[in-house]
S.K.: 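To start, I am sharing the structure in question, which I have written as structure tokens.
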Protein chains: 2
Amino acid sequence: MKKDSAEDRPSAKVPSPLVSGRQRLMEAALQLAATTRSLASLGLREVARQAGLNPNTFYRHFNDFDELGLAVIDQLSGQLREGLRERRRRPAEAGLKLSDTANPGDAWRKAQDVVRESIALVLDFVTEHRTAYVVGIREMHGSSPVLRKALRKVLDDIGEDMTEDVLGALQLPLLQREDVAEISQLVIRQMTFFSLDYLEHPEQREQIRRQAERFVLLLFWGAIAAKAPQELAASGLRFPD
Amino acid sequence: MKKDSAEDRPSAKVPSPLVSGRQRLMEAALQLAATTRSLASLGLREVARQAGLNPNTFYRHFNDFDELGLAVIDQLSGQLREGLRERRRRPAEAGLKLSDTANPGDAWRKAQDVVRESIALVLDFVTEHRTAYVVGIREMHGSSPVLRKALRKVLDDIGEDMTEDVLGALQLPLLQREDVAEISQLVIRQMTFFSLDYLEHPEQREQIRRQAERFVLLLFWGAIAAKAPQELAASGLRFPD
DNA sequence: GGAAGAGGTATACAATCGTCTACACGAAAG
DNA sequence: CTTTCGTGTAGACGATTGTATACCTCTTCC
């Protein structure tokens, strides 16, 4: 049998303590999970090696891989929600110029803009945090109930944000809160597929972006048309494209 | 070090040769993947043990886990597509009584029936093949490119079946082939989420089923309303519920 | 200035793993 | 009847893994 020393450590980096070991472990795990296999199936020694740390260092920060996964999720989901909230503050204010008395046509045009911008933001985020996003989607359907639940909650929270946003800033006529909430969840979930397509087919990105926009608008259009087909027809609005 | 013999084998079954070793390995892998972790992270010895076979027997049938995964996918996706095709033959024939001259109201009512029945079929299938389905969804976002591609193709094929079905039997007015194809893909993908919810929350199954039906109808309604809001309003049709 | 604790390391051990080589046996093929 | 061949078994190997114990710095705090 081989003595297991000195073979374990220095495969990746110099032991620069510029970032904490905890952070190094998280990044190493993400990197490995994105290129190799699922988070839970990673070896404790494997990630320590990638991080340039001693295997036992893992124990100092995490008890198991679920704990590491939760830490990563906390860190990044916060970034995503914050980013979404922040950039959505802008069009919301711009939209106030059209006051609550705006006619349906203005509301619908504004809805198009908001949809376009929100989708762009999501797609930018996933390209910027590609590995984390891919691993996140993977673990959402993965084998750890803990991570599954945490990631489902992230999606649901984003859905709630979207619901509030649509209700507050968009003021689409005739749609109740529950209608909007249902549509939001559908949109958020479908976006996971659009995002993966977007990442995996860089040559078709513009097309995928338009498909996503069309899907969202189609849902809202359908929901309005389901509630009040006559009013929609009478408004003379046309579906874009 | 411990000699690794006699500990490996008989954890599960008697060596009944009623089913082939190959099949036993596939089922054991599915079982383990559903309860433990991802397919690719399974140990060769692990599944052999679960199947009640010698570790080396794995080599007789598969070179690696991708190969085993593909075999499972072939076997079950065939069952699903065949089941869908077969049960869809019935309403298609019944639908022929309403000839091509049927008015929009009849076509829309028939669409509701077909949607209801197709969704019921899918949900029945996933409950009947729960472990295989869960593992399939998992590997669709998993780390093996081979399995990912194979499972995406399964979904896309089902989407094409649905497209042909809608075009052939439903004859919804105003929708082009490309519109229907796009909607079909959206529906198939969203159904993966509905199906998982359905499995994980048995107490809310009826509600989830209705949500799924509503989603599909909403998309078609929206697509028709996008093409021709006036005609839809003039037809006097009401969205169900 | 000594104690306590957090973060990182070194070494060791048993268990498990993938794989290699060799053997057994029934069925089909010649 | 003998020869393949497909399938399953047995035993062994070196590599790798998770974990336990012990030691080594630094900060921080009293």
Side-chain angles (χ1 to χ4, degrees), chain A residues 1-29 31-33 35-69 71 143-144 146, chain B residues 1-29 32-33 35-69 71 143-144:
Chain A
M1 190 192 301
K2 206 190 66 171
K3 288 296 172 199
D4 55 355
S5 65
E7 219 85 41
D8 264 332
R9 258 238 315 299
S11 113
K13 305 176 179 181
V14 302
S16 74
L18 300 173
V19 282
S20 71
R22 180 183 166 95
Q23 187 67 25
R24 304 247 300 275
L25 285 171
M26 290 196 270
E27 289 168 3
Q31 199 62 34
L32 283 176
T35 62
T36 314
R37 62 186 71 78
S38 98
L39 250 193
S41 77
L42 288 180
L44 169 158
R45 294 180 104 106
E46 203 180 355
V47 308
R49 202 181 312 133
Q50 168 88 7
L53 293 172
N54 187 283
N56 278 316
T57 308
F58 186 92
Y59 289 135
R60 304 287 181 194
H61 304 285
F62 310 104
N63 285 317
D64 54 37
F65 274 73
D66 276 354
E67 229 174 277
L68 183 147
S143 49
S144 159
V146 179
Chain B
M1 188 193 302
K2 207 190 67 172
K3 288 296 173 195
D4 54 358
S5 64
E7 220 83 42
D8 264 332
R9 256 239 314 300
S11 112
K13 305 176 178 181
V14 302
S16 74
L18 300 174
V19 281
S20 71
R22 180 182 167 95
Q23 187 67 24
R24 303 248 299 277
L25 285 172
M26 290 196 272
E27 289 168 3
L32 283 176
T35 62
T36 315
R37 60 187 70 79
S38 98
L39 251 193
S41 77
L42 289 179
L44 170 157
R45 295 179 105 107
E46 204 180 353
V47 309
R49 201 182 312 132
Q50 167 89 8
L53 292 173
N54 187 283
N56 278 316
T57 308
F58 186 92
Y59 288 137
R60 305 288 182 192
H61 303 284
F62 310 105
N63 285 317
D64 54 37
F65 274 73
D66 276 356
E67 231 175 273
L68 182 147
S143 50
S144 158

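Chain identifiers are assigned alphabetically (A, B, ...) following the order of the sequence lines, protein sequences preceding nucleic acid strands; residue numbering begins at 1 within each chain.
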S.K.: Would you find a donor on one side and an acceptor on the other, under 3.5 Å apart, between the side chain of R45(B) and the backbone of P55(B)?
M.R.: no
S.K.: Nearest heavy atom decides the nucleotide; on that basis, is N56(B) or L42(A) closer to the 5' end of DNA chain D?
M.R.: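 This one resolves to N56(B).
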S.K.: Distance check, rounded to the nearest 0.5 Å: F58(B) atom CZ versus L53(B) atom CG?
M.R.: 11.5 Å
S.K.: Figure out the CZ/C1' separation between R49(A) and dG18(D), and round it to whole Å.
M.R.: 13 Å
S.K.: By salt bridge (charged side-chain N to carboxylate O under 4.0 Å, His left out), which residues pair with R22(A), not counting sequence neighbours?
M.R.: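 Applying salt bridge (charged side-chain N to carboxylate O under 4.0 Å, His left out) to R22(A) gives none.
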S.K.: Taking only the side-chain heavy atoms of Y59(A) (C-beta and beyond), determine which of dT19(D), dC17(C), dG11(D) contains the nearest atom.
M.R.: dT19(D)
S.K.: Enumerate all atom pairs, one protein N or O and one N or O from nucleotides 3-8 of chain D, separated by less than 3.5 Å.
M.R.:
| from | atom 1 | to | atom 2 | distance (Å) |
| --- | --- | --- | --- | --- |
| dG8(D) | OP1 | G21(B) | N | 3.2 |
| dG8(D) | OP2 | H61(B) | NE2 | 2.5 |
| dG8(D) | N7 | R60(B) | NE | 2.8 |
| dG8(D) | N7 | R60(B) | NH2 | 3.2 |
| dG8(D) | O6 | R60(B) | NH2 | 2.1 |

S.K.: For the side chain of R45(A), starting at C-beta, report the closest nucleotide among dT16(C), dT19(C), dG18(D).
M.R.: dG18(D)
S.K.: Within the structure provided, determine whether M26(B) and Q23(B) are in side-chain contact (heavy-atom separation under 4.5 Å).
M.R.: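 A side-chain contact under 4.5 Å exists here.
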S.K.: Look at the side chain of D64(B) and the base of dG18(C), then say whether one donor and one acceptor between them are separated by less than 3.5 Å.
M.R.: no
S.K.: L44(A) has an atom CG; how far is it from atom C1' of dA15(C), in whole Å?
M.R.: 15 Å
S.K.: Give the rounded distance in Å between these two atoms: CD of E46(B) and P of dT17(D).
M.R.: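 Between P of dT17(D) and CD of E46(B): 16 Å.
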S.K.: Which heavy atom of H61(A) sits nearest a heavy atom of T57(A), and at what distance?
M.R.: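 Minimum heavy-atom contact is CD2-O, 3.4 Å.
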S.K.: Between dT17(D) atom C1' and Q50(A) atom CD, what is the distance in whole Å?
M.R.: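 Answer to the nearest Å: 17 Å.
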S.K.: Checking the side chain of E46(A) only, and the main-chain atoms of G43(A) only, is there a donor and an acceptor separated by less than 3.5 Å?
M.R.: yes
